[in-house]
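Heads up: the structure comes next, in C-alpha cells.
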Amino acid sequence: MVFPGHIAAGYLTALGVVTFSGIALSPNEQALLLTLGALLGDGPDVDLFYSFFKKKTTNVGALKGHRDHITHMPLLWLLIGLFVFILTVSNFGKVLGILLWLCPWSHLLCDSLFSDVGVAWLRPFSNKGFTLFKRPETFPANWKDLFLTLLKNPLFYLEIFIALVAFVIISIRNF
Ligand SMILES: [Zn+2]
C-alpha cells in the first residue's frame with residue numbers, strides 16, 4: 001500500500017475510535033485527533049526519509065528494506081500508545097494514546113496484505129515476516145516501474161476504494 005491508502009486507513013481508524021470509544025471530546029479535539037490519526041496512518045513510513053537521507057538518493061531503490069526499521073515494529077507503537085494512555089489524565093490524551101497504537105497498526109495491517117517481506121509482527125522475538133499475498137522480491141528499477149507494478153495489483157484498487165470512502169466520509173462530515 002502507498003501513501004493515500006495509509007492516510008485514509010489511519011483516518012478511518014481514528015474515526016472509529018473517536019466515534020465508538022465512548023470518551024467525551026469537544027468538536028475541536030475530535031478534528032485534531034482525526035488529523036493526527038490520518039498522519040499516524042503513515043507513521044511507520046517516516047523511515048523512508050531516513051532511508052533517502054542515509055542512502056543519499058531519492059531513487060526507488062532506497063525503499064528496499066525500509067520495513068526492517070524500528071518504525072515497522074508493531075510492539076513500538078503499542079508501547080508508545082500505552083505510555084501516553086497511562087501517563088495522561090485528559091480524555092484527549094487517552095484517545096491520543098489509543099490512536100498512537102491503532103493508527104500505525106492499520107498501516108502495518110495493510111502492509112501485511114500484499115508485500116515482499118511482510119511485517120514482522122512478533123519482533124523483537126522473531127523476525128519472520130507475515131503477509132497474506134506474497135509479492136516477488138524482485139524490486140522495480142525506478143518509480144515508473146513501481147507505479148506500473150501497482151496498477152497490475154488488485155489491492156491497489158482496494159486502496160483507492162479505501163481512500164475514496166475516507167474522502168466521502170470527510171466530505172459528508174464537513175457539510
Ligand atoms: Zn509501510
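As the structure lists them, so they are numbered: ligands from 1, and atoms in each ligand from 1. Heavy atoms only: backbone and side chains are in, while hydrogens, waters and symmetry mates are out.
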The Zn ion (ligand 1) reached by C110 (N, O or S, under 2.8 Å): no
The Zn ion (ligand 1) to nearest N/O/S of H107 less than 2.8 Å: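 It does: H107 brings an N, O or S atom closer than 2.8 Å to the Zn ion (ligand 1).
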Closest D111 atom to the Zn ion (ligand 1) [N, O or S only]: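 Looking only at N, O and S atoms of D111, the one nearest the Zn ion (ligand 1) is named OD2.
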D45, N/O/S atom nearest the Zn ion (ligand 1):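 Answer by atom name: OD1.
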Looking at [X] and [Y], would you say the former's side chain and the latter's main chain have a donor-acceptor pair under 3.5 Å?
X: E29; Y: F92; value: no
X: T71; Y: P44; value: yes
X: H107; Y: G41; value: yes

Distance under 6.0 Å and angle within 45° of ring axis: K128 vs F130: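 Yes, K128 lies over the aromatic ring of F130.
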